[in-house]
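Okay, structure first, notes after.
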There are 2 protein chains.
Amino acid sequence: MSRVDKAAIVRAAEEVVREKGARKLTLDAVAAQCGLSKGGLIHHFRTKQSLLKAMLEAAIAREDASAETFAAAGDDVLASRLKAIFELMEDDEGLPRALIAAVAEDPALLEPVKCNVIEMRGEIDSSYGDPELAQLLILAAQGMFLGRVLGVMESEDPMFSRLRERLLMLSAELT
Amino acid sequence: MSRVDKAAIVRAAEEVVREKGARKLTLDAVAAQCGLSKGGLIHHFRTKQSLLKAMLEAAIAREDASAETFAAAGDDVLASRLKAIFELMEDDEGLPRALIAAVAEDPALLEPVKCNVIEMRGEIDSSYGDPELAQLLILAAQGMFLGRVLGVMESEDPMFSRLRERLLMLSAELT
DNA sequence: GGTAAGATACCGACCAGCCGGTTGGTTTGG
DNA sequence: CCAAACCAACCGGCTGGTCGGTATCTTACC
C-alpha cells in the first residue's frame, strides 16, 4: 500500500527538529529525512500545520499510553502521571521537540496539549485529599521537563534522579 | 542622539512575538512596530540573532532585579526567587516570548538562560537544610511558568493563586 | 488467470512570497 | 563638517505549496 506511513514521517520530523532545531523543520528536510520527495510528503500531509498537529498528537498519545501502563501495574493516578512525565524526559525525542516546533509556528496548535493538561489536572484534583499539593508535585515534574527542554536538566545528572525519587516518595505519602 | 533606543526595540520585538507568534518575529515586523525602517533597525542590531540575544538578556535582567528587590525587602533566597518567577508570570511579556522565539531560532541562544538557572540552583542548594525539597519548590514554580507559556495556566484562575500561596507557605516552612 | 480501469503513492520541476541582510544615499545633532 | 541615525530600494536564498506526470497497487469483470 504505502512504503512510508504517517508514523514514519512523524518520526522523521522529530529527528529533523532534534538535529537541526525547530526553525529548520522544513518540508524539504522532513522529506529528505524519510527518503521521500516533497511531493510525496505533501501527499501524506497536505500542509505543514497538519504535520505539526500529527507530531503533537503522537507525542501526547505516547505519554498517555505510558501513564496507563503504570496505572495498570498498580500505580495510583499521581504516581503513574509522574512516571510518565519522567519517561517522556528520558527519551528526549517526541513531545519536547514537537512542542517547540509547534509553539514557534502557531500557538493555536497547542490546543490539544492544553486539553491534555487540563484533563490530567481534573483527574488529580478529584483523587486526593490535598489536591493542591498533588498539583504541585505534577508541576514540579513539569518544571523538570522544562529544564530538560532548555538543556538545563540532564537526565544523567545525579540531582535528576534524586529529585525524581523524592517526588515519587512525596506522592506516596499523599494517598 | 537617537530617537529610538535599543530597549524600545526589544520591547517592540516582544510585542511582535506576543501579537503574531515567534515564527512571525521578523525584522520588518519589529521595524514597523517601533516606527523604524529595516535599515534603521539593522543599524542598532546588526543581525537578528543579536536582537534575540538582547531580548533574552533584558528578560533575565528583569527577573534578577525583581528577585533582588524581594531579597532586599527581607525575603530569603527561595522566597524571593519564587516571587520573582510569579511576577514574571503575571505580566506575560518578556521572557516567555523571548524564550520561545530564541529556542525556535537557535537553541544555542539559551546559554545565558541556562547559566542563570544553574546559578539559581547553586544559591538554593547551599542555603537550605533540605536542598532537594527547596529545588522542588522552585521547579513547581517553573512548572507553573511553563503552563503559562502554553496557555494552560491563567493568572486569574483561583487555582493559580492558591498554588502560589501554598508554594510560599511551603518555602516558609523550610528555613 | 489475465487485463482493463481506477485509485493511491510518489516524483521533481516549478513558482510566488517572504525574510535576513546589503548598499548607497539622506537627514540630524553636535 | 563629521559621525551617527536613519531610510528605501534591492537581492539572493529559502520555503510552503502547486502541478502534471509516472509507477504501483486494487478491483472487477471476462
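These numbers come from a predicted model, not from an experiment. Order of the sequence lines sets the chain letters (A, B, ...), proteins ahead of strands, with each chain counted from 1.
Among the nucleotides dC6(D), dG17(D), dA9(C), the one closest to the side chain of S37(B) is dC6(D).
Listed by first and then second residue, the salt bridge (Lys or Arg N to Asp or Glu O under 4.0 Å) pairs that reach into residues 129-144 of chain B are R162(A)-E132(B), R166(A)-D130(B), R166(A)-E132(B), sequence neighbours excluded.
There is no side-chain donor-acceptor pair under 3.5 Å between E90(B) and S155(B).
Checking the phosphate oxygens (OP1, OP2) of dA9(C), a side-chain nitrogen or oxygen of H43(A) falls inside 4.0 Å. Proximity of H44(B) to the phosphate of dC6(D): a side-chain N or O atom is located under 4.0 Å from OP1 or OP2.
In this model, no side-chain donor or acceptor of K48(B) finds a partner on the base of dG21(C) within 3.5 Å. Taking only distance into account, the side chain of K38(A) never meets the base of dG12(C) through a donor-acceptor pair shorter than 3.5 Å.
Between D75(B) and K83(B), at least one side-chain N (NZ, or NE/NH1/NH2) sits under 4.0 Å from a carboxylate O, which counts as a salt bridge.
Around the NZ atom of K20(A), the shell of radius 6.0 Å holds no more than 12 heavy atoms that belong to other residues, nucleotides or ligands.
One distance of note links CG of L82(A) with CZ of F70(A); it measures 10.5 Å at 0.5 Å rounding.
Of the residues in residues 20-30 of chain B, those with a non-hydrogen atom less than 4.0 angstrom from any atom of DNA chain C are L25(B), T26(B), L27(B).
Across all strands, L41(A) comes closer than 4.0 Å to no nucleic acid atom at all (heavy-atom distances).
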